Amino acid sequence: MLDIKKIRENPTAMQAQLDRRKGGFSLQPIVELDIQQKAIEATRSELQARSNEIGKTVGEKMQAKVAPNSPEILALKEQGTQFKQQLSELEPREKEIQQQIYSLLLQIPNIPSASAPDGASEEENVEVRRWGDEYIPANSAELLPHWEIGEKTGILNFERSAKIAQSRFVTLFGAGAALERALISFMLDRQTKAGYTEVSPPALVNSASLTATGQLPKFAEESFRCAEDDLWLIPTAEVPVTNLYRGEILDSSQLPIWHCAYTPCFRREAGSAGRDTRGLIRLHQFNKIELVKFVHPDTSEEEHQKLVKDAEAILEALQLPYRTMELCTGDLGANAAKCYDLEVWLPSAGKYREISSCSNFYDFQARRADLRFRETGKKGTQFIHTLNGSGLAVGRTMAAIIENYQQPDSTIQIPQVLQPYLGREIL
RNA sequence: GGAGAGAUGGCCGAGCGGUUGAAGGCGCAGCACUGGAAAUGCUGUUUGGGGGAAACUUUAACGAGGGUUCGAAUCCCUCUCUCUCCGCCA
């Protein structure tokens, strides 16, 4: 959520920054409602002051043993009733306008960081680095996509999963299931060593949580919902973990807080019919290790760079070729101010595919989540900066391993760092 | 799921219709005392909105939302959460 004060103070500058996104978001209606709201508030507050005064006076008279039904008191009561009547017209109007402002604000995306590159679409994302050798075998006919290898070796099963659930679900068998478990352990071990505190949060969250991180109201159709209970299946651990400190005021000495979490993630993939229908790339349920940071605003740029490094470290340890892309304003998610995507090399497709998205939200989520901190010993509060990134998506990592480590005989070599976890070298 | 109890400031805890943003204690910060500390004493110590350069001022908030009243932390209703007992169940 954007800062209404900043919008009020400098609407044109804010609008110009917002327009770097395209999409035609207008602050104008908010500005107008805000003016109305302030006018009503001034009147209401004045009326309330006078009404409070009467209440006080009556109290004083009663203490002084003035008879409750004396003309003096009755006159005051009458006045009070009149104020109350006036207030009862103003109050609902003010609330209504406040509600309108709030719901409009909830729909406005974040202002892109000054350093985010301008651009219209993903075409204009900027490659910041590339690591490892793209695996292109001499005889590319031998090269199989991961789902074919997976089905051949029996470690992935999509058909039976469709029977028990729907399409876009997978069941892992035997060494496949073990490989996933190994990856989860490896990633968590690695990130805990890097300084993140592991948490294991609920996988169902309420609407308030989804609103705080920015999935609601705009992306309701992307999440699975348990309507009876006002609970939703989490689309990412970002939601429960970021909400951990919602509504709290932390002390600056507690910052930064770094968490990593392994959770299943659930997405309806409503807008992606026909895309990535095979394999592990786009499932309704997948596992992910998420990194979430709560930091002092002064350090958030630096913390962001470190977070990207922590995600990249996993790919490097697994010896998977990748590139790091900085998203342009046209491809930036609605909540992010700045974002790097890590893309892993998938030989069967002959291209890089997103495997981690590392975002800095600045105070956008914190404002929605009322997530503040106080500088030790000082007065007043500020909003925390929140950041997160995948470290990494487990299914996509499996796909990348299967494809990049496939042997001519359709077996899969196990990356060295995973061998201690699996107790084998070949799968 | 049934029955009961409860939710107050960073924490503990009083208040149960009248000038209470809220006694008291703890904690924390500053000052005094001290060679330094402990102990002691004094002072301060919630947040949001509006106005103001500031001092300050006004308004709101005692789990959340409604209601009664001139006036609500205190009374009524709904919801959420916590605890105890019973039932059910991984």
Side-chain angles (χ1 to χ4, degrees), chain A residues 1-9 30-105 200-212 226-232 240 243-255 257 363 366-384:
Chain A
M1 193 156 66
L2 300 184
D3 187 350
I4 183 83
K5 276 193 214 159
K6 279 191 191 157
I7 297 176
R8 188 184 301 149
E9 281 161 16
I30 296 175
V31 173
E32 283 165 14
L33 285 168
D34 182 57
I35 292 169
Q36 285 182 43
Q37 193 270 326
K38 287 292 158 271
I40 295 177
E41 178 175 349
T43 319
R44 191 220 68 216
S45 169
E46 161 78 22
L47 273 172
Q48 230 147 17
R50 286 155 70 185
S51 167
N52 286 348
E53 193 53 45
I54 288 173
K56 253 187 202 177
T57 314
V58 174
E60 279 161 15
K61 303 271 184 204
M62 303 282 267
Q63 294 278 296
K65 303 280 193 246
V66 175
N69 50 4
S70 67
E72 211 185 345
I73 297 229
L74 289 178
L76 283 169
K77 283 193 182 184
E78 174 55 29
Q79 267 188 64
T81 309
Q82 280 174 22
F83 280 130
K84 202 187 155 183
Q85 234 159 37
Q86 296 178 52
L87 280 168
S88 70
E89 286 165 24
L90 281 183
E91 272 176 344
R93 269 211 288 155
E94 191 186 354
K95 268 191 191 163
E96 168 67 22
I97 292 175
Q98 274 172 336
Q99 189 51 50
Q100 284 178 31
I101 293 173
Y102 181 66
S103 59
L104 286 175
L105 272 176
S200 180
L204 271 75
V205 295
N206 54 36
S207 298
S209 294
L210 278 165
T211 306
C226 312
E228 299 269 299
D229 305 285
D230 182 34
L231 288 171
W232 307 70
N243 274 280
L244 236 26
Y245 305 99
R246 187 175 82 219
E248 295 189 29
I249 300 173
L250 305 176
D251 190 89
S252 61
S253 65
Q254 292 171 267
L255 301 178
I257 296 172
D363 60 3
R367 188 166 274 114
R368 285 170 166 252
D370 190 22
L371 176 44
R372 292 171 288 165
F373 75 99
R374 198 192 326 263
E375 207 82 61
T376 311
K378 287 193 185 161
K379 280 214 152 200
T381 60
Q382 298 176 61
F383 287 106
I384 286 174

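Remember, predicted model here, so these are calculated numbers, not experimental data. Per chain, numbering begins at 1; letters A, B, ... match sequence-line order.
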Under 3.5 Å, which N/O atoms of the protein pair with N/O atoms of nucleotides 68-76 of chain B?
{"residue": "B/rC70", "atom": "O4'", "partner": "A/Lys77", "partner atom": "O", "Å": "3.4"}

Fill in: With A/Lys56 via side-chain contact (heavy atoms from CB on, under 4.5 Å) - residues at least two apart
none
Discussion item. Measuring only the P atom in each nucleotide, how far is B/rU74 from B/rA60? A whole number of Å is fine.
Written reply: 15 Å
Worksheet item: Salt-bridged, A/Arg93 to A/Glu89, with N to O below 4.0 Å?
Response: no
Worksheet item: In whole angstrom, what separates A/Ile4's CD1 from B/rG48's P?
Response: 17 Å
Worksheet item: Which residues pass the side-chain contact (heavy atoms from CB on, under 4.5 Å) test with A/Ile249, sequence neighbours left out?
Response: A/Arg372, A/Arg374, A/Thr381
Fill in: Under 3.5 Å on both distances, the Watson-Crick or G-U partner of B/rG71
none
Item to complete: Take the protein atom CD of A/Glu94 and the nucleotide atom C1' of B/rG48, then report the distance between them rounded to whole Å.
Response: 13 Å
Worksheet item: Does B/rU40 have a Watson-Crick or wobble partner in any strand here, with both distances under 3.5 angstrom, and which is it?
Response: B/rA32
Discussion item. Applying side-chain contact (heavy atoms from CB on, under 4.5 Å), can you list everything that pairs with A/Ser88, at least two apart in sequence or on another chain?
Written reply: none
Worksheet item: Does B/rC26 have a Watson-Crick or wobble partner in any strand here, with both distances under 3.5 angstrom, and which is it?
Response: B/rG10
Worksheet, complete the sentence: Taken to the nearest whole Å, CD1/A/Ile97 to P/B/rG50 is 15 Å
Worksheet, complete the sentence: Applying side chain to side chain donor-acceptor pair (under 3.5 Å) to A/Ser103 and not counting sequence neighbours gives none
Worksheet item: Distance from A/Asp34 atom CG to A/Arg8 atom CZ, nearest 0.5 Å?
Response: 4.0 Å
Discussion item. Would you measure the distance from the C1' atom in B/rU40 across to the matching atom in B/rU47 and give it in whole Å?
Written reply: 33 Å
Worksheet item: Would you call A/Arg246-A/Asp370 a salt bridge at under 4.0 Å N-O?
Response: no
Kindly list each side-chain donor-acceptor pair under 3.5 angstrom involving residues 75-84 of chain A, sequence neighbours excluded, with atom names and distances?
{"residue": "A/Glu78", "atom": "OE2", "partner": "A/Gln82", "partner atom": "NE2", "Å": "3.2"}
{"residue": "A/Thr81", "atom": "OG1", "partner": "A/Lys77", "partner atom": "O", "Å": "2.8"}

Worksheet item: When the distance from CZ of A/Arg372 to C1' of B/rG49 is rounded to whole Å, what number comes out?
Response: 12 Å
Worksheet item: Listed in order of residue number, which residues of residues 41-49 of chain A have a non-hydrogen atom at under 4.0 Å from RNA chain B?
Response: A/Glu41, A/Arg44, A/Ser45, A/Gln48, A/Ala49
Worksheet entry | Partner residues of A/Gln100 under the side chain to side chain donor-acceptor pair (under 3.5 Å) criterion, sequence neighbours left out | A/Glu96
Discussion item. Suppose we screen for side chain to side chain donor-acceptor pair (under 3.5 Å). Which residues come up paired with A/Glu60, at least two apart in sequence or across chains?
Written reply: none
Worksheet item: Given the C1' atoms of B/rC33 and B/rC26, what is the spacing between them in whole Å?
Response: 23 Å
Fill in: Residue met sooner reading RNA chain B from 5', once A/Arg374 and A/Gln63 are mapped to nucleotides
A/Gln63
Discussion item. Mind checking if A/Thr381 touches a base, just sugar-phosphate, or nothing, with heavy atoms under 4.0 Å?
Written reply: sugar-phosphate
Worksheet item: If we call it a pair only when both distances are under 3.5 Å in a Watson-Crick or G-U wobble match, what pairs with B/rU78?
Response: B/rA64
Discussion item. Taking B/rA64 as the reference, what is the distance to B/rA53 when you measure between their P atoms (whole Å, please)?
Written reply: 34 Å
Worksheet item: Given the C1' atoms of B/rC62 and B/rA73, what is the spacing between them in whole Å?
Response: 5 Å
Worksheet item: Can you list every pair that meets salt bridge (Lys or Arg N to Asp or Glu O under 4.0 Å) and has a residue in residues 61-72 of chain A, with sequence neighbours left out?
Response: A/Lys61-A/Glu72
Fill in: Euclidean distance, atom CD of residue A/Glu248 to atom P of B/rG9 [Å, nearest integer]
14 Å
Worksheet item: Between A/Asn206 and B/rU80, is there a side-chain N or O to OP1/OP2 distance below 4.0 Å?
Response: no
Worksheet item: With both distances under 3.5 angstrom, what nucleotide forms a Watson-Crick or G-U wobble pair with B/rC85?
Response: B/rG2
Fill in: Value in whole Å for how far the P atom of B/rG49 lies from CD of A/Glu9
12 Å
Using a cutoff of under 3.5 Å, can you pull out all pairs of nitrogen or oxygen atoms linking the protein to nucleotides 63-66 of chain B, with atom names and distances?
{"residue": "B/rG66", "atom": "OP1", "partner": "A/Lys95", "partner atom": "NZ", "Å": "3.0"}

Discussion item. A/Gln382: which residues meet the side-chain contact (heavy atoms from CB on, under 4.5 Å) condition with it, sequence neighbours left out?
Written reply: A/Pro297, A/Phe373, A/Glu375
